[in-house]
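Side-chain atoms are counted along with the backbone in the values below, which use heavy atoms only and exclude waters and symmetry mates.
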Amino acid sequence: MRLRNAALAALPAFLLAAPYAHADERKNTADIPSRHYDIVSRVESLDGAERTVDQDKQVTYGLQSEVLFAKDSAELSAQAQSRLDDIATKISRSGTTLPVKINGYTDDLGSAGHGLSLSRDRALAVLNVLEKDPRLTRIHFAATGYGEKNPIADNKSESGRVKNRRVEIVVARG
């Protein structure tokens, strides 16, 4: 007990006088300040072709354009259907009733106008597939092309440009 009293005596007076200095001294939970932590989980496939970012209010499924499209094209590839079918399953299981956003992005090669048009066309191609899925008939979709805006990697290297050429499907929780 003497050690504790000696330790308390060594503390500055303003610490000892603080109201509710310890959680056990609080009268009820309303006295405890609330805190919100937005925990973010990022998972990327080994080849980098698919990425999932799970946050408190939304989940974002990102697919590299090379998985979905041929170079400089907005026509979906043969393997795109299986990837989009997997994402449609995840969307239907999420139970969301909020609109799902489909965002298209490109790298900074070529003109900004071409990149914007290509990213919009790619987002619309993905939207058309998801809208036709019978599991998602109650969900509204919105497609937007952002071109070279919002890069997730450095456009100075080919590996960075590959990551920036992507389509993201954003599913809000609600």
Side-chain angles (χ1 to χ4, degrees), residues 35-174:
R35 292 189 176 134
H36 176 76
Y37 299 100
D38 190 13
I39 298 173
V40 178
S41 165
R42 286 178 171 64
V43 178
E44 188 169 326
S45 63
L46 290 175
D47 62 358
E50 203 166 326
R51 178 178 35 267
T52 302
V53 179
D54 193 345
Q55 295 174 280
D56 193 31
K57 296 183 182 189
Q58 68 186 27
V59 178
T60 302
Y61 303 103
L63 295 169
Q64 285 183 349
S65 292
E66 283 73 14
V67 173
L68 301 173
F69 307 99
K71 184 176 180 169
D72 203 31
S73 170
E75 186 175 325
L76 288 163
S77 67
Q79 77 178 92
Q81 187 58 47
S82 66
R83 298 280 179 127
L84 293 175
D85 185 58
D86 180 47
I87 290 176
T89 300
K90 292 174 182 176
I91 294 170
S92 68
R93 288 183 182 162
S94 75
T96 189
T97 57
L98 299 172
V100 171
K101 297 177 187 173
I102 302 167
N103 303 325
Y105 301 92
T106 61
D107 58 27
D108 67 352
L109 297 179
S111 73
H114 177 69
L116 188 61
S117 176
L118 180 61
S119 65
R120 182 177 41 244
D121 292 345
R122 288 178 169 182
L124 286 170
V126 170
L127 177 141
N128 289 331
V129 169
L130 293 177
E131 276 187 331
K132 292 176 185 173
D133 191 299
R135 298 170 290 181
L136 306 177
T137 56
R138 297 178 58 119
I139 296 182
H140 297 284
F141 294 92
T144 306
Y146 290 97
E148 62 189 59
K149 292 180 184 174
N150 306 322
I152 58 172
D154 190 354
N155 274 310
K156 293 179 182 172
S157 69
E158 180 56 25
S159 62
R161 288 189 295 270
V162 166
K163 285 187 174 193
N164 290 332
R165 295 188 297 259
R166 68 197 188 279
V167 173
E168 293 181 345
I169 301 161
V170 183
V171 182
R173 292 191 167 106

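- Judged purely by atom type and a 3.5 angstrom limit, Ser65 has no side-chain atom pairing as donor or acceptor with the backbone of Val167.
- Of all the heavy atoms in Thr89 and Arg135, the pair that sits closest is OG1-NH1, 2.6 Å.
- More than 12 non-hydrogen atoms from other residues, nucleotides or ligands lie less than 6.0 angstrom from CD of Glu44.
- Note that NE2 of His140 and OG1 of Thr137 are 10.0 Å apart. Values are rounded to the nearest 0.5 Å.
- In this structure, Val171 and Lys90 have side chains that are not in contact, with every pair of non-hydrogen atoms separated by 4.5 Å or more.
- Looking at heavy atoms from C-beta onward, Arg122 lies out of side-chain contact with Leu68 at the 4.5 angstrom threshold.
- Residues Leu76 and Phe69 have side chains in contact (heavy-atom distance under 4.5 Å, counting atoms from C-beta outward).
- Separation of atoms CG (Leu130) and CD1 (Ile169) is listed at 5.0 Å; rounding is to 0.5 Å.
- Within the 3.5 Å criterion, the main-chain N or O of Tyr146 finds a donor-acceptor partner in the side chain of Ser119.
- Asp72 meets the salt bridge (charged side-chain N to carboxylate O under 4.0 Å, His left out) test with no other residue; sequence neighbours excluded.
- In this structure, OG1 in Thr144 is found 8.5 Å from CG in Leu124, a value given to the nearest 0.5 Å.
- To the nearest 0.5 Å, atom CZ of residue Arg42 and atom CD of residue Gln55 are 7.0 Å apart.
- Side chain of Asp85 to main chain of Gln81: no donor-acceptor pair is present (N/O by atom type, distance under 3.5 Å, no hydrogens or angles).
- The CD1 atom of Ile152 sits 3.5 Å away from atom CZ of Arg51, with the distance rounded to the nearest 0.5 Å.
- Judged purely by atom type and a 3.5 angstrom limit, Thr96 uses its side chain to pair as donor or acceptor with the backbone of Ala172.
- Val162 places a side-chain heavy atom less than 4.5 Å from the side chain of Gln64.
- A donor-acceptor pair under 3.5 Å is absent between the side-chain atoms of Ser117 and the main chain of His114, judged by distance alone.
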### Task
Kindly indicate, with the supporting measurements, whether the criterion salt bridge (charged side-chain N to carboxylate O under 4.0 Å, His left out) is fulfilled by Glu168 and Arg166.
CA-CA 6 Å; Glu168 293 181 345; Arg166 68 197 188 279; 2.9 Å; yes
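- With respect to Arg165 and Glu158, a salt bridge is recorded, a charged nitrogen being found less than 4.0 Å from a carboxylate O.
- Between the side chains of Ser94 and Arg173, not a single donor N or O lies within less than 3.5 Å of an accepting N or O.
- With Asn164 contributing its side chain and Ala153 its backbone, the two residues share a donor-acceptor pair below 3.5 Å.
- Looking only at side-chain heavy atoms (C-beta outward), Tyr61 and Leu84 stay at 4.5 Å or farther from each other.
- Note: Leu118 CG to Lys71 NZ = 11.5 Å, rounded to the nearest 0.5 Å.
- Exactly one of Asn103, Ile102, Leu63, Ile87 qualifies for a side-chain contact (heavy atoms from CB on, under 4.5 Å) with Val126. That residue is Ile102.
- The side-chain heavy atoms of Leu136 and Val100, taken from C-beta on, include no pair separated by under 4.5 Å.
- In terms of heavy atoms, Ala88 sits closest to Asp133 at CB-OD2, 3.4 Å.
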### Message
Between Thr97 and Arg138, is the side chain to side chain donor-acceptor pair (under 3.5 Å) condition met? List the steps.
### Response
CA-CA 7 Å; Thr97 57; Arg138 297 178 58 119; over 6 Å; no
